[in-house]
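Working notes, beginning with the structure itself.
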Amino acid sequence: MGDWVADRDAKIHTLEHLEDNVVPDMVKTFVVYFYRHIREKNVYEILSMYESSFPKLTERFYKASSWPTVQAIAPLVDNDHVFCLLYKEMYYRHLYARLTPTLEHRCESWDNYCALFGVILHGNVNMQLPNAWLWDMIDEFIYQFQSFCQYRGKLTTKTPEELELLKRCDQVWNVLGVLNYLQALINKSEIENTLEEERMGTNKFSANDGYDFSSSNVLRLLGYFSMVGLLRVHCLIGDYYGGLKAVDAIDLDKSGMFTKVTGCYITTLYYTGFSLMMSKRYVDAVRTFNTILMYIGRTKQFHARSPGYEQILKKNEQLYALLAICLSLCSHPVKFLDETVSQGLREKYNDKMTKMAAGDLALFDELFSYACPKFITPCPPSFEDPNVNFNQEAYRLQLKCFLTEVKQQTMLPTLRSFLKLYTTISISKLASFLELDEYTLRTTVLTLKQRARQPTIMPGRRVLAAEWVSSVDIDFYIDGDMIHVVDNKAQRQYGDYFASHILKCERLSTELGKITEVLSGTMAEI
C-alpha cells in the first residue's frame, strides 16, 4: 500500500501551489473565520458556518467537484493539525456525497478518521463543537465503512490492478477496526456512567445539551453517538442482540441527546425497531416505529429545506413498511397506534396487510427488501473468484431467516380465530377444520403458545431488561386430546373515550358561541 501513498504525496506536492492559487477568496474567508471560531469555542457561529455557509459555498463553487485539498488551505490556518483533520473529514464527506470516490479516496478517508479519533482519544482536545457535526462524524464514519464493504464485494466490476490493490488494503475499513474505535470512544468518554448518573438524577447531561464549558464536549458526545453507531454496525452485520446491547444505557422512553439531533433520533429508533423486529419482539418494535413516525409526521415540514429532507421522507416510507410487517406478524391487535400513524398506514398498506395476514410471502419479501438496512458482509470476499459478486450475500441470508420465521406463523392468525370461538375443542375436530393432520396441528398450537409470550419493555426499564408478558388476548392449554381455551380479553376502558368526546363537545360549544355572537352583531348592524 506504500507505493500508491508515495505517488499520491508526490502528486499533491506538485499541485499544491497551483491549487492554492485557484481557491476563491470567499472560500479562503470561510476557512479563516471557521478556524477562528473553532479556536474561540464559539459554538453558535461554528454551527451557522457548518450548516449554512458550507452548503452555500458548495452549491456555488464545488457542486460537481471536490473542495480544495488540505494542502491548499493549511497556510490559512497556521497549519493547525487538528483543524486540518476536521477539514479533511468534511472534504471526504462532500466527495462521497457529490462524486464517486476512488479506492485511494476511501483509503485516505480511513487514514484521516484514524488520525482524528487518535487525537481525540489520546490527545488533549480543547474544543467545543456543535452536536450536529459530532453526530455527522459518526454517521459518516459508518456510512463510509458500509460503502467500502459494498464496493469491495462487487468484484466483477474491478480491473486486475484494482483487485491487487484491494488485497493490499486488507486493514482499511476493517470491521474490527471500526468496532474498536467506536467502543474506545465509549469507554474513554465514560458516557455509560454519565447516563447512569442522569437516570439517578445526579447529572444534567441532556439538559445541558451535552455541553460543559469547563471541558471539551467532543469526546463526551462522540462517545454518546458511538453507542448509536454500534447499534447500526451490529444491525448491518446481523447481530441484533449486540445492537440492542449497544444502546441499553440510553433511556429511549425519555428525551435525551439522541432526540436533539434529528438524524440521530431517526437512526436510533429505526435500527432499534428493526433489531426488535428481527428478535421477534413485535410489540416493542411496533411501539418504537409508532414513536418515530409520530415525530417525523410532526416535524418533517421544518426540514423541507435541509439537505437531508429526501432521506427523512425515504426513511418515513421504510418505517411504514416495517410497521406493516410487524402488525401482520403480531399475534394480537395493537391498540396503542397513534391515530395519524394508523391512518397513514391504512392509506399505504391496507390491502397488502390483509394479504400478508393471509400468508402472502411475496409481499413480506417485497416490503422487507424495500425497508431493510443495506446489510454488509464484514469479511473480505474471495479474490480467487472475481467473477462473483458477494455484496448481496448478507442481504440474502437475512431475507432467508426472516421468511423462515414468517412461514412458521402463516397458520397462526387462522388458528387463533378458531380458538376464540370455543372454550373446549378436540384436536381431531380442529385439525379437520384447518385441513391439517393432528401432528402438524399440535406443532402449530405449540408455536402459537410459544409466540404468545414476548419480552416487552416496561416503562422506565432498559431495552434488555424486558419482562416476558402475554401478547395475545386468549390463553389455552392441551389436556390429552382436548384444547381448553381461556378468554384473557381485558375489560374495556371507556374513561378516555368519554373524556375525549366531552372535550370535543366543549370545543364545539365554544366555537358555536363565538359564531352566534358574530351573527348577532351582524344582525344588529343590519
Side-chain angles (χ1 to χ4, degrees), residues 1-16 18-19 58 62-72 84-118 136-182 229 232-233 236-237 373-395:
M1 195 167 71
D3 296 339
W4 70 263
V5 173
D7 294 340
R8 178 199 68 193
D9 293 341
K11 292 176 183 177
I12 290 174
H13 181 74
T14 303
L15 297 174
E16 179 176 338
L18 291 175
E19 288 180 327
T58 296
Y62 306 110
K63 194 172 184 178
S65 62
S66 63
W67 270 66
T69 63
V70 69
Q71 287 77 14
C84 288
L85 293 175
L86 293 172
Y87 176 83
K88 285 199 289 184
E89 193 273 333
M90 296 171 64
Y91 169 89
Y92 287 115
R93 192 186 328 153
H94 163 74
L95 193 147
Y96 269 80
R98 297 298 182 98
L99 307 173
T100 302
T102 64
L103 180 56
E104 292 184 14
H105 290 141
R106 297 173 190 274
C107 295
E108 291 166 2
S109 184
W110 166 253
D111 291 341
N112 184 69
Y113 272 116
C114 291
L116 178 60
F117 291 155
D136 287 343
M137 284 185 196
I138 298 297
D139 186 54
E140 184 68 16
F141 178 64
I142 297 166
Y143 166 73
Q144 291 187 20
F145 163 64
Q146 182 181 9
S147 175
F148 182 82
C149 291
Q150 293 168 341
Y151 167 84
R152 182 178 57 189
K154 298 177 182 178
L155 298 182
T156 56
T157 62
K158 303 289 186 295
T159 64
E161 292 77 13
E162 288 177 316
L163 291 174
E164 186 61 32
L165 187 55
L166 267 176
K167 292 179 184 179
R168 289 185 279 158
C169 296
D170 57 331
Q171 296 303 311
V172 173
W173 294 111
N174 178 276
V175 64
L176 291 178
V178 172
L179 292 172
N180 285 339
Y181 271 118
L182 295 174
R232 181 176 170 185
V233 173
L236 292 175
I237 62 179
K374 294 182 179 179
F375 298 107
I376 56 175
T377 303
C379 57
S382 173
F383 295 103
E384 305 302 322
D385 189 8
N387 296 321
V388 178
N389 280 336
F390 293 91
N391 61 319
Q392 291 295 313
E393 288 295 318
Y395 157 73

Next item on the list: Tell me yes or no: between the side chains of S109 and Q144, is some donor less than 3.5 Å from an acceptor?
Entry: yes
Notebook entry, point to check: Between Y87 and W67, how do the two ring planes meet: parallel, tilted or perpendicular, split at 30° and 60°?
Noted result: perpendicular
Note to self: Is the ring pair W173/W110 parallel, tilted or perpendicular, if the boundaries are 30 and 60 degrees?
What the structure shows: tilted
On a heavy-atom basis, which atom in [X] and which in [Y] lie closest, and how many Å separate them?
X	Y	answer
S66	L95	CB-CD1, 4.3 Å
I142	G229	CD1-CA, 3.1 Å
R93	E89	NH2-OE1, 2.6 Å

Item checked: Qualifying residue, where the test is side-chain hydrogen bond (donor to acceptor under 3.5 Å, both in side chains) with T102 and the options are E104, R106, H105 -> H105
To the closest 0.5 Å, what do you measure between [atom1] ([X]) and [atom2] ([Y])?
X	Y	atom1	atom2	answer
E162	K167	CD	NZ	13.5 Å
M90	T58	CE	OG1	7.5 Å
C379	L176	SG	CG	11.0 Å
N174	L179	CG	CG	9.0 Å

Does [X] reach the side chain of [Y], with side-chain heavy atoms less than 4.5 Å apart?
X	Y	result
R232	D139	yes
Y92	E108	yes
F145	C149	yes
C169	R152	no
F141	F117	yes
I376	F148	no

Margin query: Test your reading of the model: is there a side-chain donor-acceptor pair from H94 to the backbone of S65, 3.5 Å cut-off?
Written below: yes
Next item on the list: Tell me, with the steps shown, if V172 and L166 meet side-chain contact (heavy atoms from CB on, under 4.5 Å).
Entry: CA-CA 9 Å; V172 173; L166 267 176; over 6 Å; no
